[in-house]
Amino acid sequence: MLSYEFMRKSFIMGVMIALIAPTIGYFLVLRRQSVIGDTLSHVALSGAAFGMITQIYPVYTAIIFSITAALGIEGLRKKYENYAEISLSIVLSTGVGLASVLISLGNTQGILSYLFGSLAFVTNQDIIMVVGLGVIILATIVFLYDDMFYITFDEESAYLAGISNKLINIYFSILVALTVAISMRIVGVLLISSLMVLPVAASLLIAKSFKSGLMYSIMFGIMSVIIGLILSFYLDLAPGGTIVLSALLILIIIIIVESIKK
Amino acid sequence: MEEQIVSVENASFSYGTNTVLDNVSLKINKGDFVGIIGHNGSAKSTLLKLMVGLLKPDKGTIKLFGTSVEKFKDYKKIGYISQNVRDFNQMFPATVEEVVSINLYHKRNLFTRFRNKDNEKIEKILEIVEMDKFKTSKIGNLSGGQKQRVFIARSLVNNPKILFMDEPLVGIDLESQNKFYDLLSKLNNEYNITLVMISHDVGVISKKVDKIFCLTDGKVYVHDKNNDVYINRLKDIYGEDVNMLFHKH
Ligand SMILES: Nc1ncnc2c1ncn2[C@@H]1O[C@H](COP(=O)(O)OP(=O)(O)OP(=O)(O)O)[C@@H](O)[C@H]1O
Ligand SMILES: [Mg+2]
């Protein structure tokens, strides 16, 4: 199947996303912010719709919309300190509302491919963006791994150790937004947050350390994407859905194996 | 003159309109072992957070090592163990070693960690808190007392001058409590670390510490081992028991 150029492209895309989404998801889940993925993806959808209407490349508008939303969430989080999820609901509602209005304005026939993901029409532009994002996230892990671990584990102490929580939180929000907007070409808006959460959920059942938790998350992410893409190609299924169902299958296998062990 | 490590002068703090500390003043000197007591909601944790700079006072000044907390940047000198550490997520994937080494690594990147020197230091510190056997254990699987030791170790990595602990002994059995106090005396006497600790067990802590800050109705009453001025006040709040214990000094 790799003799098809579009399959080669989507494989590159898929594997990069499999590296990126669970890495970002790992920190989100451990900070109990996994819903952010869902929230931002709905906003990204409205961004994509906006792009279609205005004839701008929809991934770009999705990026702008989701970064704005991510910063909005960070801002609102301070207003509702003890009910952080309220800020997520506010932004989620905005995203859904905006998306449905924009889609109803017409000229958005392509929106389905952003909803459920699509292997066709992966452009070189998409690949450049996803590789670029991959490089940024890799560099972030190299240089900020310990700061991110510290903040994730114990935000107060991280602050007292002189880490600028605010800056890192904003930077991280932007990474989440970029991940969502760029990944939706393949996995689809509705499923991207699953790819951020499911591999991590499986990983947490077996991880003994922070490092191994991150490794397992990425490993399960890559397995889901490869299995999912192969199945979707040969069975002609929606790639996003098969990827997410593969991730779910891995999670279920791990749950079963772990409970047999006990 | 004794070196002052913490000084709180006429500090007040409110959550909204609820004033929980009202014009409070106190001092902590180098080498002190201070106990903070008071009923639930008497603002013990709030006072600790003010002293480390997690909260800012509405009025008054708080200084650490002579510098006002807002300007204080010498983070390594202070260790703080919050009241929440014991109930963090059990599933959190982190080993004792990862938690303890975080203060060594967070200013570096992945290429400049794991030097031999670092490993030796971490091992030595885990020995001090008697947790060397648990280096690779998952932190969520440790008991409450063991977790407290790990968090102390995390602070010790910085060679701190003062350690603030918010109720480290809650839910810890008597024998482990005694061992914990042994560890604290070692830190206090051998390593010259000033200790500030919140506790509900008035009877025990009053035997161990040099100074007690008793919080009630937004005020702080200081009882010094060498100065019994406030003893009657303590007696009012906690009854006869305290009086007897204090006279053992
Ligand atoms: N974030 C907050 N917002 C509003 N009020 C608060 C907040 N934190 C504490 N309070 C109030 O301030 C008072 C002091 O709280 P604090 O946590 O300092 O007490 P404490 O002495 O540590 O109590 P405990 O023994 O239960 O730990 C309490 O009445 C509490 O309800
Ligand atoms: Mg408290």
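The figures that follow rest on heavy atoms only: side chains count, while hydrogens, waters and symmetry mates do not. Chain A is the first sequence line, chain B the second, and so forth, proteins listed ahead of strands; every chain is numbered from 1.
- Counting heavy-atom neighbours within 6.0 Å of A:Lys79 NZ, excluding the residue itself, gives a total of 12 or less.
- Around NZ of B:Lys135, the count of heavy atoms belonging to other residues, nucleotides or ligands within 6.0 Å exceeds 12.
- Only the side chain of A:Tyr26 comes within less than 4.5 Å of a heavy atom of chain B; its backbone N, CA, C and O stay farther away.
- For residues 189-208 of chain A, there are no ring-ring contact (aromatic ring centres under 6.0 Å, His included) pairs, not counting sequence neighbours.
- For B:Lys121, the NZ atom is densely surrounded, since the number of other residues' heavy atoms within 6.0 Å is greater than 12.
- The shortest non-hydrogen separation linking B:Lys138 to A:Leu204 is NZ-O, 4.3 Å.
- Heavy atoms of A:Ser212 lying under 4.5 Å from chain B are absent altogether.
- The candidate with the highest count of non-hydrogen atom pairs below 4.5 Å against chain A, out of B:Tyr75, B:Phe72, B:Tyr80, is B:Tyr75.
- Contact tally against chain A (heavy-atom pairs below 4.5 Å) for B:Asn103, B:Asn141, B:Thr95, B:Ile102: the top residue is B:Ile102.
- The stretch residues 144-151 of chain A places A:Tyr145, A:Asp146, A:Asp147, A:Phe149, A:Tyr150 near chain B, each with some heavy atom under 4.5 Å from a heavy atom of that chain.
- Only the side chain of B:Lys49 comes within contact range of chain A, with heavy atoms under 4.5 Å apart.
- Crowding of B:Lys59 atom NZ: a count of heavy atoms from other residues, nucleotides or ligands under 6.0 Å not exceeding 12.
- Options A:Ala161, A:Ala207, A:Ser157, A:Gly213 differ in how many heavy-atom pairs under 4.5 Å they form with chain B, and the most are formed by A:Ala161.
- Contact check for A:Leu30 versus B:Pro93: side-chain heavy atoms found under the 4.5 Å cut-off.
- Scanning residues 162-181 of chain A against chain B with a 4.5 Å non-hydrogen threshold yields A:Gly162, A:Ile163, sorted by number.
- Residue B:Met91 qualifies as enclosed at atom CE: its count of foreign heavy atoms under 6.0 Å is above 12.
- Residues in residues 20-37 of chain A take part in these salt bridge (Lys or Arg N to Asp or Glu O under 4.0 Å) pairs, two or more places apart or across chains: A:Arg31-A:Glu155.
- A pairwise comparison of heavy atoms in B:Leu54 and A:Tyr159 identifies CD2-CD2, 3.6 Å as the closest pair.
- Residues A:Phe153 and B:Glu98 have side chains not in contact (no heavy-atom distance under 4.5 Å, counting atoms from C-beta outward).
- With a threshold of 4.5 angstrom between heavy atoms, A:Leu205 approaches chain B through its backbone and through its side chain.
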